[in-house]
Q: 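Below is a structure I'd like to ask you about.
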Amino acid sequence: MDGRGNPRNQGSTVLTTNFLSNLAQCRRAPLSSAYASCSQEARREKMKPSFCFLLLFLISEMHSLDLIIEGIPDDLNNLLDLEVDGFLSKLMAGSGRYQRSTSDEHSGESTDDSDKIGIYSYKVQSTITSRLASTMIQSKVVNNAKHPQHLVFEVQIPKGAFIDNFTMDVNGITFTSSIKEKSEARRMYAQARAKGKAAGIVRSNALDMENFRTEVNVPGGTKVQFEIHYQEMIRRRLSSYEHTISLRPGRLAKHLEVDIRIIEPQGLRYVHTPNTLGDHFDGITTLSKGEKKAHISFKPTLAQQRKCPTCSSTAVDGNFVVQYDVNREKAAGELEIFNGYFIHFFAPENLDPLPKNILFVIDVSGSMWGLKMKQTIEAMKAILGQLQPSDQFSLLDFNHNVRCWRDGLVEATPSQIDEAKNYIQGIHPNGGTNINEALLRATFILNEAKNLGMLDPNSVSMIVFVSDGDPTVGELKLTTIQKNVKQNMQDDFSLHCLGIGFDVDYDFLQRLAQENRGTAQRIFGNQETSSQMQQFYSQVSTPLLRNIEFNYPQESVSDITQNSFHNYFGGSEIVVSGKVDTQNLQHLESVVTATASNAQLVMETLADVEELDDFMSKDKYADPKFTEKLWAYLTVNQLLAERNLAPTAALKRNITKSILQMSLNHHIVTPFTAMVIENPNGDERMLADQPRDNKKGCCPGTLGITPKVPDKTIPSWANPTPVAPSPASAQKAPTFAMKPIHTVDNDPHFIINLPKSQKNICFNINAEPGKILNLVSDADTGVVVNGQLIGAKKQEHEKLNTYFGKIGFYFKSKDLKVEVSTEMITLKDGSYSTGLSWADTGSIIRKRLLVSVKREHNVTITVDGEMSFMVVLHRVWKNHPVNVDFLGIYIPPSNPFSSKAHGLIGQFMPEPEVSIFIERPGQDPKKPEATMEFKGHKFTVTRGLQKDYRTDRVFGTDVQCWFVHNSGKGFIDGHYTDYLVPHLYSFLKNP
């Protein structure tokens, strides 16, 4: 909570509501009396009538909890505004009275007594389970005045942390949270604004933290409890894990407590709590440490919180920090397995450093003049002094021109280092910023040194790029610069980027670094610039391993996060995670390969899948889902990094959808989701989201990686399968082949894929227009898929072709229905329905069912992330004399239907045994015939081609199959008329 009540300069993620005071009086009244009460309150406060109308609108209209995505925009910076007709800006301006202090009626000791707002409890509880920190910050506030006042809850959370819950209790009414896609927030905002008032959102990024701010207007005597939960993975840097908690209550608190517990199965090497809050709090923190657990407590009394004995302001204003490290006994790292997930922590020690070849590229344009340049020079002189005799280095500085201190790399001898320091000292910033030429010159120097054999084969080569702004000279297009650097950087070089201040396009620097196997970091443009630059250099100054690969048995693990790394630096840690089949496995083995200074290393480790069970069951504080949460954290961050590098808008949208699904599945706020907070009756809602700013980067806290995982946006069966590129096309997008699938398309042609026997069986169904065919009917899973036929405009060759004009999906366990027609895609939940047209690109999410539409192309339906369907749209010329628009459906054989599934497609989900023999020439020489034996029937089949239209809706992709004549007679159970159903959502009777 901000004791001053003023918004911070950087802004903050805000939940704000100004009708809680009315709601508190109206919450149990019928609408008529609620309106009367609201009107009276409005007259007392001289508020506009539209205010009360909006309240009633919210009470009566906001019931839906589904999520509608109107496309997924790449730039969401201006998602919502704070100011609406001046209302919220006036509200914020009115908070200046918070500069006075308060008194707390719940305290036996005076805090102060001017605005009568008091904090009677401020608690922070954090539990670290194997590097996963789950933190809760709770503030209990009371308005002791007789008039309404604004109460503020403001906290800072580390960048890269994910908010996973927020609750607010107002006089016993609890507001709980749910995660939504951001376009839903935009829609709700637009609705509120249309009624004359909006529940506002303000988002902000600080430098290394992220602000979350809630402001509520409550009547006198109201008690409010705010509580936020977030989680983060603590990264190891410079041989230490550092857990930082922002402790800024803003006021004196009757009870203030920080409680931190560390549970590390590897064992604790040390635990340290530096006095970051100042000497004022010496001796207050208590620390108890065991072999694998530690407990840290900080409980200053009200008197100890005061800045001075007579002061009414608090001295608690800073970061509470805990540092620790763990024991490491195995060179191959530690495998921790629990609840179906594994985490592999890898941080080998006692290795000789690899020699490095390093080029420093320093921006000396006019914008660096003053303190930034002074601090940069100071940092560079210190960094040069840390170079090792085995290193090679050089310096480039650039403005509108590029200057090289040396034409090539030189050995890091004392004399060369001294000359380099003198050169740095003589720099005077001026001119423009030619980033493109500077980076290309740096890559040329490294490439030339490698081509001349000047680089040790076991050395690590890197560029450290320092800049404070965007290009102003030479190539100005950032994507072109990015492409040029990528094309000239060899695969064993890396690029690390340091962005100074907030004028630099950090998103661009992040893409540069990630695409070239490096990392990016923003640093302050102030007195701390030098120390931050030195600290960053320290993290990459000691390469110990190259080309690290993590290998696990493919039959036992799945969904592995990044498992290939360019470098490992001393003092850091590599973390790999995945899902593991613990039901059919006793031990999990891993093999790590890497290149050290003078050897190729192969490191193996073996872990018992039940090793942690006993330890975890005996600790009531350990998070039982720590492995799952760590896997989700790593996966989402990896997807965010991949999205940042996506070469096309389509791929970026697809990755965004994957991030969205992960966010919803694991209830975390990412840059593409928002948190909706509402009371039990849905009478009132507020919104919060995570900041996203082009200048600050898309994804705070995302680490530079080398992506090595497939796109998970839509089910794997709906994606093409990568084919290894030829050397000539290695730099181009990969080519693709199609994955087999059950298909019904065209008029309608059925293709049944039998992966075990590697055969495709085809048949046609010739039914009348208007008839509804059952495709899948599974009473056990409660899933129905039916298709309704439409006819062509007229007959051709004395035959009227029929097609699917409408496809219905019914998911009984969720009571959800999806209707796909050639005009609309509609999701129905009881009497409620919502939809998208084929002109949209977007999604609908409800009850873990995701409907994703690709404009004028296809719709993918995913249920609980496990069962998937695709419907492809075929458009024809509007005035075509014969043909009509129609649909095709694609169902993967891997869908988890029960063994009792039936229907024209469903009956083949448990793959049947099919024998095809006596292949012989047919009447058409291009279509041989054969005899098929199936379920005791023998009949003639013809070899031919059908089409798969998933990627090419015009010409399709040829699929070879054996065609069964007479509407599948002998292959399908019974006659095709047995599969006719009365309604679009009917189960098949007596399958």
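Basis for what follows: all heavy atoms, side chains included, without hydrogens, waters or symmetry-related copies.
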Q: Given the side-chain rings of F175 and F166, with only the six-membered ring counted for Trp, is the space between their centroids under 6.0 Å?
A: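 No, too far apart.
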
Q: Does the side chain of N171 reach to within under 4.5 Å of the side chain of K223, using non-hydrogen atoms?
A: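 SC-SC contact between N171 and K223 confirmed.
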
Q: To the nearest 0.5 angstrom, please state how far the OH atom of Y621 sits from the OG1 atom of T127.
A: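 It is 8.5 Å, given to the nearest 0.5 Å.
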
Q: side-chain contact (heavy atoms from CB on, under 4.5 Å) for L252 and R306? Distances and angles first, verdict last.
A: CA-CA 7 Å; L252 297 171; R306 297 182 187 276; 3.4 Å; yes

Q: Listed by chain and number, what are the salt bridge (charged side-chain N to carboxylate O under 4.0 Å, His left out) partners of D259, not counting sequence neighbours?
A: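 D259 satisfies salt bridge (charged side-chain N to carboxylate O under 4.0 Å, His left out) with R261 only.
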
Q: Do V636 and L640 have side chains that approach each other closer than 4.5 Å (heavy atoms only, starting at C-beta)?
A: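 Sidechains of L640 and V636: in contact.
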
Q: Got a sec, which residues hit ring-ring contact (aromatic ring centres under 6.0 Å, His included) with H667, two or more places apart in sequence or on another chain?
A: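 So H667 forms no ring-ring contact (aromatic ring centres under 6.0 Å, His included) with any residue.
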
Q: Given F281 and F298, is the ring-ring contact (aromatic ring centres under 6.0 Å, His included) satisfied, shown in steps?
A: CA-CA 9 Å; F281 298 102; F298 176 72; 5.6 Å; yes

Q: More than 12 non-hydrogen atoms from neighbouring residues, nucleotides or ligands closer than 6.0 Å to CD on Q535, yes or no?
A: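 Count not over threshold, so no.
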
Q: Measure the spacing between OG of S134 and CG of D164 and express it to the nearest 0.5 Å.
A: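 Here the rounded value is 7.0 Å.
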
Q: For a quick check under 3.5 Å, do H229 and E227 share a side-chain donor-acceptor pair by atom type?
A: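 Yes, E227 and H229 have a side-chain donor paired with an acceptor closer than 3.5 Å.
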
Q: Is the shortest side-chain heavy-atom distance between I262 and L268 below 4.5 Å?
A: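 Contact flag for I262/L268 side chains = yes.
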
Q: So, does T129 use its side chain to make a donor-acceptor pair with the main chain of D623 at under 3.5 Å?
A: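 Flag set: sc T129 to bb D623 pair under 3.5 Å.
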
Q: If you round to the nearest 0.5 Å, how far is OH of Y230 from CD1 of I668?
A: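 Going from CD1 on I668 over to OH on Y230, the span is 15.5 Å.
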
Q: Where do T273 and V321 land on the side-chain contact (heavy atoms from CB on, under 4.5 Å) test, with the steps shown first?
A: CA-CA 6 Å; T273 56; V321 177; over 6 Å; no

Q: Does any N or O in the side chain of Q305 come within less than 3.5 Å of the main-chain N or O of A253, such that one atom is a donor and the other an acceptor?
A: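 Looks like yes, one N/O pair under 3.5 Å.
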
Q: Quiz question: by atom type and distance under 3.5 Å, do the side chains of T670 and S663 form a donor-acceptor pair?
A: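 Short answer, yes.
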
Q: Assess, by modelled atom type and distance only, whether the side chains of N143 and T222 contain a donor and an acceptor separated by less than 3.5 Å.
A: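 The criterion, which ignores hydrogens and geometry beyond distance, is not satisfied for T222 and N143.
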
Q: Show the nearest heavy-atom pair for residues I119 and P249, with the distance to one decimal.
A: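 Result for this residue pair: CD1-O, 3.5 Å.
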
Q: How close do A632 and M662 get, counting heavy atoms only, and between which atoms?
A: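 Scanning both residues completely, I find the closest heavy atoms to be CA-CE, 3.9 Å.
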
Q: Could you check whether any side-chain heavy atom of E242 comes within less than 4.5 Å of a side-chain heavy atom of R235, counting everything from C-beta outward?
A: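 No. Closest side-chain heavy atoms not under 4.5 Å.
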
Q: V224 versus M168: any side-chain heavy-atom pair under 4.5 Å?
A: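 They are in side-chain contact.
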
Q: Do you know the tightest heavy-atom contact between Q149 and A145?
A: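 Closest heavy-atom pair between Q149 and A145: NE2-CB, 3.3 Å.
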
Q: Heavy-atom distance under 4.5 Å between the side chains of F320 and S246, does that happen here?
A: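 They are not in contact (no side-chain heavy atoms under 4.5 Å apart), so the answer is no.
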
Q: Which salt bridge (Lys or Arg N to Asp or Glu O under 4.0 Å) pairs, counting each pair once, include a residue from residues 131-152, with sequence neighbours left out?
A: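 For residues 131-152: R131-E264, R131-E573.
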
Q: Look up atom CG in L132 and atom CG in L630, then write down how far apart they are to the nearest 0.5 Å.
A: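 Nearest 0.5 Å value for the CG-CG distance: 4.5 Å.
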
Q: Taking atom CD1 of I157 and atom CD of Q231, what is their separation to the nearest 0.5 Å?
A: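 Atom-to-atom, I157:CD1 and Q231:CD are 10.5 Å apart.
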
Q: Going by salt bridge (charged side-chain N to carboxylate O under 4.0 Å, His left out), name the residues that satisfy it together with K625, two or more places apart in sequence or in a different chain.
A: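 With sequence neighbours excluded, K625 shows a salt bridge (charged side-chain N to carboxylate O under 4.0 Å, His left out) to no residue whatsoever.
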
Q: Counting N and O atoms only, with roles assigned by atom type, does the side chain of Q375 sit under 3.5 Å from a partner on the main chain of S530, one being a donor and the other an acceptor?
A: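 Looks like yes, one N/O pair under 3.5 Å.
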
Q: Checking K307 now: which residues fulfil salt bridge (charged side-chain N to carboxylate O under 4.0 Å, His left out) with it, not counting sequence neighbours?
A: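 By the salt bridge (charged side-chain N to carboxylate O under 4.0 Å, His left out) rule, K307 matches no residue at all.
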
Q: Would you check if L277 and L247 make a side-chain contact, meaning some heavy-atom pair closer than 4.5 Å?
A: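 Sidechains of L247 and L277: in contact.
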
Q: Given side chains that start at C-beta, do those of T301 and L256 come closer than 4.5 Å, heavy atoms only?
A: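 T301 vs L256: side chains apart.
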
Q: What's the verdict on side-chain contact (heavy atoms from CB on, under 4.5 Å) for R522 and V504, showing C-alpha distance, side-chain angles and the deciding distance?
A: CA-CA 9 Å; R522 180 190 297 285; V504 67; 3.7 Å; yes

Q: What do the steps show when you test M136 against V124 for side-chain contact (heavy atoms from CB on, under 4.5 Å), and what is the final call?
A: CA-CA 6 Å; M136 180 276 290; V124 179; over 6 Å; no

Q: Hey, could you give me the OG1/CD distance between T673 and E181, rounded to the nearest 0.5 Å?
A: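 If we round to the nearest 0.5 Å, T673:OG1 and E181:CD are 8.0 Å apart.
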
Q: Which residue in the set T276, V271, I128 passes side chain to side chain contact (heavy atoms under 4.5 Å, CB included) when paired with V322?
A: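 Only one of T276, V271, I128 forms a side chain to side chain contact (heavy atoms under 4.5 Å, CB included) with V322, namely V271.
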
Q: Less than 3.5 Å apart, any donor N or O on the side chain of N319 or T244 sitting next to an acceptor on the other?
A: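 T244 and N319 do not have a side-chain donor-acceptor pair below 3.5 Å.
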
Q: Specify the closest pair of heavy atoms between G318 and R248, including all atoms of both residues, with the distance to one decimal.
A: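 Distance-wise, the nearest heavy atoms are O-NH1, 3.5 Å.
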
Q: So, using ring-ring contact (aromatic ring centres under 6.0 Å, His included) as the criterion, who are the partners of F226 when residues are at least two apart?
A: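 For F226 the ring-ring contact (aromatic ring centres under 6.0 Å, His included) partners, ignoring immediate neighbours, are F153.
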
Q: Are the side chain of H255 and the backbone of K123 linked by a donor-acceptor contact shorter than 3.5 Å?
A: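 Such a contact is absent between H255 side chain and K123 backbone.
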
Q: Is the side chain of T314 donor-acceptor paired with the backbone N or O of V316 at a distance under 3.5 Å, no angle test?
A: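 The answer is yes, because a donor-acceptor pair under 3.5 Å joins these two groups.
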
Q: Taking the six-membered ring for Trp and the full ring for Phe, Tyr or His, determine whether the centres of F162 and Y633 are under 6.0 Å apart.
A: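 Centroid distance F162-Y633: below 6.0 Å, so yes.
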
